[in-house]
Amino acid sequence: HQEMIRYHLSPSYEYQARPWHKYREKKHKKTFRSIAWSILLWNSICKEKIAARKKVLVLYGTETGSANRFAKQAVDIFSANFYSAYLPLNNADIYKEIIKSDVCLFISSTFGNGEAPIMCESFCQELNSKLNEQVLDSESWVTNLHFGVFGLGSSAYPNLAAFGKFIDSSLEKLSCTRIITFGVGDELNNQKGSFNLWIQQVFLAAVGMFNIHVSKEKLLQAL
């Protein structure tokens with residue numbers, strides 16, 4: 001009968017536990033303090049691991065929100081192996097954050113017939129100012145900058161992704177290091193697919209540049 005499995009016949013032969021495992025054994029009750037200290041220890045270890053990661057900063061300029069959505073997608077992809085964050089190009093702290101970053105990705109749309117989006121006008125002026133400087137300051141935000149640019153636009157206009165091209169060419173003239181070729185997302189020709197291919201190439205380039213080991217599972221998850 002199936003209920004017999006619950007019975008324990010006595011007397012019976014039992015295996016004795018090994019004495020060196022049980023001798024003077026005490027059951028330790030975990031206190032709240034010990035649990036709290038364990039949590040704090042693991043929290044500090046996690047913070048140290050995250051702080052040691054290379055930082056990828058994604059900067060975007062948009063008129064309709066497309067570049068913002070792509071910037072969030074880029075952060076999600078890089079967050080598995082990098083410390084990643086994104087900011088709009090009109091943020092007052094972008095130059096401080098660029099200096100702190102190991103890689104900066106620029107994702108921007110083009111307004112009208114090749115102009116910068118309204119929110120990018122101050123950044124456009126900053127680029128022009130740097131291009132006109134005879135000698136760059138060694139502590140400038142463009143010093144040792146590793147970058148990649150993806151430009152959004154529509155082939156319905158003659159100057160497709162013109163502002164993105166301006167960012168890419170300007171940073172090259174300022175002796176910044178390009179880690180990936182300029183990417184173009186045409187609104188009339190699978191813009192999302194073009195971005196997906198570009199950001200995958202950027203991720204692989206960054207992993208290779210910093211010699212970061214990525215397991216197949218994490219690689220598939222990221223891409």
Query raised in the report: If only atom types and distance count, is the side chain of N128 paired as donor or acceptor with the main-chain N or O of C124 below 3.5 Å?
Result: yes

Query raised in the report: Got a second to check how far I94's CD1 is from W141's CH2, nearest 0.5 Å?
Result: 7.0 Å

Report summary line: Partner of F203 under side-chain contact (heavy atoms from CB on, under 4.5 Å), picked from I180, V56, N81, is N81

Report task. Report yes or no: does T177 contribute a side-chain atom to a donor-acceptor pair with the main-chain N or O of H146 at less than 3.5 Å? Result -> no

Query - Residue pair P117 / F163: nearest heavy atoms and the distance that separates them - result: CD-CD2, 3.7 Å

Query raised in the report: What is the distance from atom OG1 of T143 to atom CD1 of I98, rounded to the nearest 0.5 Å?
Result: 11.5 Å

**Report entry** Criterion side chain to side chain contact (heavy atoms under 4.5 Å, CB included) on L174 and L145, from CA distance to verdict
**Finding:** CA-CA 10 Å; L174 292 168; L145 174 62; over 6 Å; no

Query raised in the report: Quick one: are K165 and F182 in side-chain contact, heavy atoms under 4.5 Å?
Result: yes

Requested in this report: Work out which heavy atom in M119 is nearest to a heavy atom in P88; give both atom names and the distance.
Outcome: CE-CB, 3.4 Å

Query raised in the report: Do E121 and N90 have side-chain N/O donor and acceptor atoms under 3.5 Å apart?
Result: no

Query raised in the report: Mind checking whether F147 and F106 have ring centres under 6.0 Å apart?
Result: no

Report task. Go through the side-chain N and O atoms of S155 and D186 and say whether any donor and acceptor fall under 3.5 Å apart. Result -> yes

Report task. Report yes if the side chains of S129 and Q125 come closer than 4.5 Å at any heavy-atom pair, otherwise no. Result -> no

Report task. May I ask you to decide if E97's main-chain N or O and S101's side chain share a donor-acceptor pair within less than 3.5 Å? Result -> yes

Report task. Decide side-chain hydrogen bond (donor to acceptor under 3.5 Å, both in side chains) for K130 and S140; before the verdict, give the C-alpha distance in whole Å, the side-chain angles of both, and the deciding distance to 0.1 Å. Result -> CA-CA 9 Å; K130 290 296 181 187; S140 171; 3.2 Å; yes

Report task. With rounding to the nearest 0.5 Å, note down the distance linking OG1 in T181 to CG in D168. Result -> 8.5 Å

Report task. Apply the side-chain contact (heavy atoms from CB on, under 4.5 Å) test between Y86 and each candidate in L57, V58, L59, L105; give the one that qualifies. Result -> V58

Query raised in the report: For K55, does its backbone N or O pair with a side-chain atom of D102 as donor and acceptor, under 3.5 Å?
Result: yes

Requested in this report: Please step through side-chain hydrogen bond (donor to acceptor under 3.5 Å, both in side chains) for the pair Q73 and N196, ending with a clear verdict.
Outcome: CA-CA 9 Å; Q73 181 181 339; N196 289 339; 2.6 Å; yes

Requested in this report: Report whether V103 and I212 are members of the same hydrophobic cluster (ILVMFWY, side-chain heavy atoms less than 4.5 Å apart, transitive linking).
Outcome: yes

Query raised in the report: Rounded to the nearest 0.5 Å, what separation is found between the CD1 atom of I107 and the NZ atom of K72?
Result: 12.5 Å

**Report entry** Interatomic distance, K192 atom NZ to E187 atom CD [nearest 0.5 angstrom]
**Finding:** 14.0 Å

Query raised in the report: Do F195 and I77 sit in the same hydrophobic cluster, where Ile, Leu, Val, Met, Phe, Trp and Tyr count as joined when their side-chain heavy atoms come under 4.5 Å apart?
Result: yes

Query raised in the report: Between N159 (side chain) and A162 (backbone), is there a donor-acceptor pair under 3.5 Å?
Result: no

Requested in this report: Find out if a path of hydrophobic residues (ILVMFWY) with successive side-chain heavy-atom gaps under 4.5 Å connects F210 to F78.
Outcome: yes

Query raised in the report: Given the rule that I, L, V, M, F, W and Y join up when any side-chain heavy atoms are under 4.5 Å apart, are L171 and Y95 in one cluster?
Result: yes

Query raised in the report: Does R178 use its side chain to pair, donor to acceptor, with the backbone of S169 at less than 3.5 Å?
Result: no

Report task. Measure the SG-CD1 distance between C104 and I179 for me, rounded to the nearest 0.5 Å. Result -> 9.5 Å

Query raised in the report: Which heavy atom in F82 sits nearest to a heavy atom in A206, and how many Å separate them?
Result: CZ-CB, 3.8 Å

Query raised in the report: With distance as the sole test, does E63 use its side chain to make a donor-acceptor pair with the main-chain N or O of I118 at under 3.5 Å?
Result: yes

Report task. Would you kindly confirm whether L131 and V142 end up in one hydrophobic cluster when ILVMFWY residues are joined by side chain heavy atoms under 4.5 Å apart? Result -> yes

Requested in this report: Identify the heavy atoms of Q191 and F150 that sit nearest to each other, and give their distance.
Outcome: O-CZ, 4.4 Å

**Report entry** Closest heavy-atom pair and its distance - G61, A67
**Finding:** O-CB, 3.3 Å

Query raised in the report: Can you tell me if W198 uses its side chain to pair, donor with acceptor, with the backbone of G185 under 3.5 Å?
Result: no

Query raised in the report: Between the side chain of S66 and the main-chain N/O of T62, is any donor-acceptor distance below 3.5 Å?
Result: no

Query - pair I167-F123: side-chain heavy atoms closer than 4.5 Å - result: yes

